[in-house]
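Notes to accompany the following structure.
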Amino acid sequence: MLTLDAFARKTYDSAHLPPSPFGCDVHTHTLESRHAYSTIGECVAAAKAAGLELLGSTDHYSSMLYPVPRDERQYLRNYQYFINFEMWPRVWDGVYVLHGVEADIVDLDGHLFGWDICLTEGITGKAFRWQQSMKDHLWRGIDYAIASIHNDEFTFGATLAQTTNMYIRALDDPKVLIVGHPGRAGVPFDVDAVLLAAKERGKLIEINEHSFAPHYGARCRTACRQIAERCAELGVMIAISTDAHIACDVGRFDAVQALLEEIHFPRELVATRDAATFIDVLNKAVG
Ligand SMILES: [Zn+2]
Ligand SMILES: [Zn+2]
């Protein structure tokens with residue numbers, strides 16, 4: 001039964017938002033992700049309302065979006081959203097806008113979705129002069145990728161050495177800047193080894209607001225907290241993000257902010273604290 005109390009569970013009042021404690025939100029979704037509900041324009045407006053300097057738009061680049069087409073040539077038509085980013089203003093109503101993807105890790109070698117999909121023609125059906133993977137074709141126009149696991153079936157039965165190697169190999173991809181929500185993925189791995197591999201490459205471990213949603217449970221929160229604590233101890237930089245799937249969640253970091261305060265997380269390790277810091281980290285780490 002719908003009660004007035006149920007309405008109070010989640011409210012949004014754009015006129016009375018607390019200012020965001022961090023300058024960037026680098027993991028957000030638009031309608032392109034299909035289980036998300038806002039346009040890029042609405043996300044930018046929400047970023048501005050939350051006082052953000054920078055918005056990273058990172059829709060799912062994943063097999064969860066569309067069924068496998070019968071003909072490989074149809075793939076690009078499904079994922080063509082990612083080929084036209086140059087249409088977006090780079091500074092939109094005062095907010096820096098970055099072009100990203102949240103790519104699924106698809107195997108224990110750390111490959112990312114689309115690496116093995118071979119393209120021979122463009123969206124109009126005109127033949128390419130040379131074959132290329134869908135990942136390479138689409139990622140030319142992106143600023144960075146977040147590598148995440150959503151479907152972990154391929155990790156069942158894997159050793160810790162294999163899952164650790166998987167994350168490290170994903171970090172070796174030149175466009176991957178961030179390991180997405182490793183505390184929530186539910187795949188065990190050698191935390192120190194992956195954190196240090198990220199540090200060595202100037203890359204980032206994500207602490208994700210959405211992972212603290214009640215439905216993920218205490219185990220997920222504990223795992224995320226332990227990863228954050230270890231990042232602080234090892235001096236590993238992190239990316240704070242909301243993983244917003246609707247504009248009104250952009251720039252709202254209540255749970256992560258509380259956690260970082262509680263564990264006295266050093267602010268200089270937060271790469272998303274302001275736009276200049278994040279862009280500097282990105283320029284150094286991403287090829
Ligand atoms: Zn999603
Ligand atoms: Zn996400």
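Indexing begins at 1, ligand by ligand and atom by atom, following the structure's order.
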Subject >> Pair Thr242-Asp249, side chain to side chain donor-acceptor pair (under 3.5 Å): steps then yes or no >> reply: CA-CA 7 Å; Thr242 60; Asp249 283 344; over 6 Å; no
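- Residues that satisfy the side-chain contact (heavy atoms from CB on, under 4.5 Å) test with Arg201, not counting sequence neighbours, are Ile168, Leu171, Asp172, Ala197, Lys203.
- Of all protein N/O/S atoms, those lying under 2.8 Å from the Zn ion (ligand 2) come to 4.
- Legend: salt bridge (Lys or Arg N to Asp or Glu O under 4.0 Å) pairs involving residues 253-274, not counting sequence neighbours, sorted by first then second residue: Arg225-Glu262.
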Subject >> Verdict with reasoning, His35 to His29, per side chain to side chain donor-acceptor pair (under 3.5 Å) >> reply: CA-CA 9 Å; His35 55 270; His29 295 268; 5.6 Å; no
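- Every residue two or more places apart in sequence or in another chain was checked for a side-chain hydrogen bond (donor to acceptor under 3.5 Å, both in side chains) with Gln80, and none qualifies.
- Taking the six-membered ring for Trp, His99 and Phe82 have ring centres at least 6.0 Å apart.
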